[in-house]
There are 2 protein chains.
Amino acid sequence: MKEYSSEEEFLKDYNPKEFEQLSMTVDILVVSVSSKDSSNYRKTDKKMMSILLAKREDYPFKDKWCLPGGFLDPKTETLEECAKKVLKRETNLSNIYLEQLYTFDAIDRDPRTRVVSTSFVALVDKNKLKQHVENASWFDVTFIEEKNNVVDIVLDNGNETIKMTIKKVLREKTTDRYDYKTVKNDSLAFDHDKVILSGLERIKNKLNYTDIVFNMMPEYFTLGELQQVYEVILNKKLLDPAFRRIIANKVEKTEKMKTGEGHRPSYLFRYKKNERD
Amino acid sequence: MKEYSSEEEFLKDYNPKEFEQLSMTVDILVVSVSSKDSSNYRKTDKKMMSILLAKREDYPFKDKWCLPGGFLDPKTETLEECAKKVLKRETNLSNIYLEQLYTFDAIDRDPRTRVVSTSFVALVDKNKLKQHVENASWFDVTFIEEKNNVVDIVLDNGNETIKMTIKKVLREKTTDRYDYKTVKNDSLAFDHDKVILSGLERIKNKLNYTDIVFNMMPEYFTLGELQQVYEVILNKKLLDPAFRRIIANKVEKTEKMKTGEGHRPSYLFRYKKNERD
DNA sequence: TAAGTTATTAACAATATGTTAAAAAGAGGT
DNA sequence: ACCTCTTTTTAACATATTGTTAATAACTTA
């Protein structure tokens, strides 16, 4: 091996292809809440989580659904910049909550060649979205966790239903971390079923000790609406007084009211950023 | 663009170099606890966190310290397998706690070319380690967090002291996530100062809601020793009765005692894996 | 005006955590 | 043998947080 006497001298000679190379992509789990309102006069609308999927137009996995994503250009952009670019394209939004989730890298996750993918979670308020996105569609999420660590996820966009089943296997030396094994997945490209499960669990965990939920809420909301969002993410009913105490210092009451719902009107609240929790 | 009629046909034709490629590495923050015992007869030993660093033998960053790591071979291994390989080389241990931390990818983080690095945290019990590792050394960690989100980290291996200063900048749309800006770092290669801070914060956060601490403990330990480890990771004093209640259902008392410490002997405890917490 | 529905909060119960203080017991020194 | 030092261990109480029940409020529609 040639001897160098300085960092500069070494770099002048360096051949970037010295190590084997690979391609990278980003995949983004874009999450929002939707309200499926029933048609009766009392609008007991039911909040659901919904995620954005795109239809693949090319091989591989042609005509399957997948998470919005794209290849990283190693010359010019970081993974996060690439993710923001994809988000801008798919939602026309910028300045939204974006968090690196996990880097998925099973050797055969892409049938073409070795492609490592760093996934992100983005949280958006659906009200701010532009109307239609080419080849993309929002799917409501139903999440069924069985006792034996088997999870069924059902996605529905009104026309089409996608089902997948994943088994969670406890990792060695841990009590709280899992490997995901796909049991059944016929409609989603790549390993995006695992990305979805991973992202949904991340959101669920973070709900209790962060303020992320407000990234999915409009500026003004009732406490009932906020509670419904908590309930759909945590997948369980909460009791009103307990819930209100817990979020009390995260929101502030405004003068506005929401009326016309067929029952006592409620105050509209707003997110209040706190110094220290 | 050529038209294909099946996935197989497409793949037969696929050129892996179609997209720009890059190299990937893994970096591992190997964390343990050490006991610096003072020489007085009452062995009021002080626990510290310690991390493993390696001295770089080649360019770039020749002769600087860095985290153990290595290039990924995209043909044959996953990131985690690569991390396990590095761990085996540096500590001769396998079957240890290993968790993917974050994928660092600043465009200029490696002066040679674009190298994206996925970092891992490994937790080990130092007692299980082989004696000496070539070119590697354990550094005790001192962590000083200033009020204004500036963190000083001091690393010491007995011969050498490494100091670094990092500023934490709150990320947009969040109340709990930070970008790290290096203020001062003269001795650590690449962006490993950020990896270290990121990993230490991850451990600190997970301490309260997981059982990770026991990966750094020997099989038998006193509650005083366990409490010291909590204190050094959380960087604050805990009150005995409160601490004991909190960890009560994670440990089980054994018949063994630890004596000869110059004070009342203490029972030795053992980690007890729990059904449900 | 009555019925139905959700909003809001008071009041109490149960649990969890913070704090003080006291008793226990080995090592070392005299 | 006894005293001192030290840490271990636990009891007892104080405080804070969260769970639960139930009562009242206020709108919409019939």
Side-chain angles (χ1 to χ4, degrees), chain A residues 35-47 207-209 217 220-232 234-270 274 276-277, chain B residues 35-47 207-209 217 220-232 234-270 274 276-277:
Chain A
S35 35
K36 268 246 168 320
D37 41 25
S38 35
S39 44
N40 18 359
Y41 84 88
R42 281 197 224 282
K43 310 183 192 147
T44 35
D45 60 7
K46 186 166 153 36
K47 289 266 186 296
L207 199 63
N208 294 311
Y209 67 94
M217 301 300 292
Y220 296 98
F221 48 82
T222 70
L223 294 184
E225 289 165 348
L226 183 60
Q227 185 172 336
Q228 279 182 52
V229 174
Y230 269 78
E231 288 174 346
V232 75
L234 297 176
N235 214 9
K236 67 174 179 192
K237 276 274 163 213
L238 303 175
L239 292 167
D240 298 7
F243 173 74
R244 277 157 187 260
R245 265 191 307 244
I246 288 163
I247 51 96
N249 60 348
K250 296 185 174 181
V251 297
E252 61 186 1
K253 191 187 270 189
T254 69
E255 294 302 310
K256 300 180 206 292
M257 308 277 301
K258 183 173 190 184
T259 57
E261 298 292 302
H263 53 76
R264 175 174 172 178
S266 47
Y267 282 99
L268 288 170
F269 286 74
R270 193 179 2 199
N274 246 311
R276 261 313 77 214
D277 288 319
Chain B
S35 34
K36 268 247 167 317
D37 41 24
S38 35
S39 44
N40 20 359
Y41 85 87
R42 281 198 224 280
K43 310 182 192 149
T44 35
D45 59 8
K46 185 165 153 36
K47 288 266 187 295
L207 199 63
N208 294 312
Y209 67 94
M217 301 299 292
Y220 296 98
F221 48 83
T222 70
L223 294 185
E225 289 164 348
L226 183 60
Q227 186 173 335
Q228 279 182 52
V229 174
Y230 269 77
E231 288 174 345
V232 74
L234 296 176
N235 213 8
K236 67 174 180 193
K237 277 273 163 213
L238 302 175
L239 291 167
D240 298 8
F243 174 74
R244 275 156 188 262
R245 266 190 307 245
I246 287 163
I247 51 94
N249 60 348
K250 296 185 174 181
V251 297
E252 61 186 2
K253 192 188 271 190
T254 68
E255 294 302 310
K256 300 181 207 293
M257 307 280 296
K258 183 173 189 185
T259 56
E261 299 292 303
H263 54 74
R264 176 174 172 178
S266 48
Y267 282 100
L268 288 169
F269 286 75
R270 192 178 5 197
N274 245 313
R276 257 317 78 206
D277 288 318

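Keep in mind that what you see is a predicted model, and the values were worked out from it rather than measured. In what follows, every chain begins at residue 1, and chains take the letters A, B, ... in the order their sequences are listed.
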Can you find a side chain N or O atom of Lys253(A) that sits less than 4.0 Å from OP1 or OP2 on dA7(C)?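 Indeed not, no polar side-chain atom of Lys253(A) lies that close.
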
Side-chain heavy atoms of Met257(B) within contact of Pro265(B), under 4.5 Å: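 Side-chain contact under 4.5 Å: yes.
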
Where the side chain of [X] is defined as all heavy atoms beyond and including C-beta, which of [options] is the nearest nucleotide?
{"X": "Arg244(B)", "options": "dA7(C), dT17(C), dT8(D)", "value": "dT8(D)"}
{"X": "Pro241(B)", "options": "dT8(C), dT10(D), dC27(D)", "value": "dT10(D)"}
{"X": "Leu223(A)", "options": "dA26(D), dT9(D), dT8(C)", "value": "dT8(C)"}
{"X": "Ala242(A)", "options": "dG26(C), dT20(D), dT8(C)", "value": "dT20(D)"}

Let me spell it out: for each of Arg245(A) and Met257(A), pick the nucleotide of DNA chain C with the closest heavy atom. Which residue's pick is nearer the 5' end?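 Checking each residue's closest nucleotide, the 5'-ward one belongs to Met257(A).
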
Regarding Thr259(B), tell me which of base, sugar-phosphate or nothing describes its non-hydrogen contacts under 4.0 Å with the strands shown.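 Nothing, no heavy atom under 4.0 Å.
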
Round to the nearest Å and state the distance from [X] atom [atom1] to [N] atom [atom2].
{"X": "Phe243(A)", "N": "dT6(C)", "atom1": "CZ", "atom2": "P", "value": "16 Å"}
{"X": "Tyr267(A)", "N": "dC27(D)", "atom1": "OH", "atom2": "C1'", "value": "13 Å"}
{"X": "Lys237(A)", "N": "dT6(C)", "atom1": "NZ", "atom2": "P", "value": "9 Å"}
{"X": "Lys258(A)", "N": "dC27(D)", "atom1": "NZ", "atom2": "P", "value": "16 Å"}
{"X": "Asn208(A)", "N": "dG19(D)", "atom1": "CG", "atom2": "P", "value": "10 Å"}
{"X": "Leu239(B)", "N": "dA11(D)", "atom1": "CG", "atom2": "C1'", "value": "15 Å"}
{"X": "Gln227(A)", "N": "dT9(C)", "atom1": "CD", "atom2": "P", "value": "13 Å"}
{"X": "Asp240(B)", "N": "dA22(C)", "atom1": "CG", "atom2": "P", "value": "16 Å"}

Taking the six-membered ring of Tyr220(A), is the NZ or CZ of Lys256(A) close enough (under 6.0 Å from the centre) and on axis enough (within 45°)?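 Yes, Lys256(A) sits over the ring of Tyr220(A).
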
Cation-pi check, Lys253(B) to Phe269(B): give yes when NZ or CZ is under 6.0 Å from the six-membered ring centre and within 45° of the ring axis, no otherwise.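 No, Lys253(B) does not sit over the ring of Phe269(B).
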
Determine whether any donor atom in the side chain of Arg264(A) lies under 3.5 Å from an acceptor atom in the base of dT6(C), or the reverse, and answer yes or no.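 No, no donor-acceptor pair under 3.5 Å.
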
Just wondering, more than 12 heavy atoms not from Tyr267(A) lying within 6.0 Å of its OH?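 No - once you tally the heavy atoms of other residues, nucleotides and ligands closer than 6.0 Å, there are 12 at most.
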
Please give me the minimum heavy-atom distance between Met217(A) and Val229(A), naming the atom from each residue.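 Looks like SD-CG2, 3.7 Å.
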
